[in-house]
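Okay, structure first, notes after.
Both backbone and side-chain heavy atoms feed into the values below; hydrogens, waters and symmetry mates do not. Along the sequence shown, residues are numbered consecutively beginning with 1. Computed from a predicted structure; not experimentally measured.
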Amino acid sequence: MAVEIGSALEAVVAALNETQLEGFDRGRVQEIIDAALGGDPWLTVDRGGGLHDGSGRRVGAIRRTPSGEWIVDRQNPAAARSEMPVPAD
């Protein structure tokens with residue numbers, strides 16, 4: 001699964017930067033993620049930019065650099081509270 005997550009996060013970054021979003025829009029970001037993963041919605045984004053796998057475990061976080069580039073930081077699975085579920089909307 002680690003290789004799959006890494007590849008998925010790379011695909012998300014590429015898709016976000018190709019789309020050139022000006023700001024974070026959870027719904028649009030989720031659409032981009034789903035398309036980048038071939039329509040398989042096994043990663044979900046929360047309203048804070050956290051990325052969660054199918055079990056709800058946080059695997060990464062999306063953020064935008066001051067220069068406008070989108071990046072994804074991989075979640076350290078040993079970090080405190082990394083297993084927290086997706087926040088409710």
Side-chain angles (χ1 to χ4, degrees):
M1 179 80 112
V3 173
E4 291 177 25
I5 290 173
S7 296
L9 297 182
E10 288 176 21
V12 167
V13 167
L16 287 170
N17 284 309
E18 287 174 14
T19 307
Q20 299 180 346
L21 290 177
E22 289 299 314
F24 183 81
D25 173 332
R26 181 180 179 259
R28 181 67 183 123
V29 169
Q30 186 66 59
E31 289 174 4
I32 292 167
I33 290 169
D34 292 348
L37 301 178
D40 185 6
W42 66 273
L43 280 181
T44 56
V45 64
D46 65 35
R47 50 179 193 259
L51 285 170
H52 303 265
D53 67 12
S55 71
R57 186 175 60 96
R58 185 173 166 154
V59 295
I62 299 171
R63 62 186 179 91
R64 193 167 184 212
T65 66
S67 65
E69 179 185 16
W70 291 96
I71 61 173
V72 175
D73 295 318
R74 179 104 184 238
Q75 176 72 43
N76 177 353
R81 300 172 52 119
S82 66
E83 76 288 349
M84 294 303 293
V86 177
D89 285 331

### Task
Could you check Ile5 against Arg74 for side chain to side chain contact (heavy atoms under 4.5 Å, CB included), going step by step and ending with a plain yes or no?
CA-CA 9 Å; Ile5 290 173; Arg74 179 104 184 238; 3.6 Å; yes
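- Legend: residues meeting side chain to side chain donor-acceptor pair (under 3.5 Å) with Glu18, ordered by chain and number and at least two apart, are absent.
- Applying the side-chain contact (heavy atoms from CB on, under 4.5 Å) rule to Val72 yields the partners Leu9, Val12, Val13, Leu51, Ile62; only residues at least two apart in sequence or on another chain are considered.
- In this view, Asp73 and Arg63 satisfy the side chain to side chain donor-acceptor pair (under 3.5 Å) rule, not counting sequence neighbours.
- Leu37 and Val59 fall within the same hydrophobic cluster, where Ile, Leu, Val, Met, Phe, Trp and Tyr residues are linked whenever their side-chain heavy atoms come under 4.5 Å apart, directly or through other members.
- Every residue two or more places apart in sequence or in another chain that forms a side-chain contact (heavy atoms from CB on, under 4.5 Å) with Asp25 is listed here: Arg28.
- Here Ala11 pairs with Ala36 under the side-chain contact (heavy atoms from CB on, under 4.5 Å) rule; sequence neighbours left out.
- Between Gln30 and Ile32 there is no side-chain heavy-atom pair separated by less than 4.5 Å.
- Under the side-chain contact (heavy atoms from CB on, under 4.5 Å) criterion, Glu10 pairs with no residue, sequence neighbours left out.
- Contact record, Trp70 with Leu21: NE1-O, 3.3 Å, taken as the closest heavy-atom pair.
- With respect to Ile33, the side-chain contact (heavy atoms from CB on, under 4.5 Å) criterion is satisfied by exactly one of Leu16, Thr44, Leu43: Leu43.
- Taking all atoms of both residues into account, the shortest heavy-atom contact from Arg26 to Val45 is NE-O, 2.8 Å.
- The side chain to side chain donor-acceptor pair (under 3.5 Å) search around Arg64 returns none, not counting sequence neighbours.
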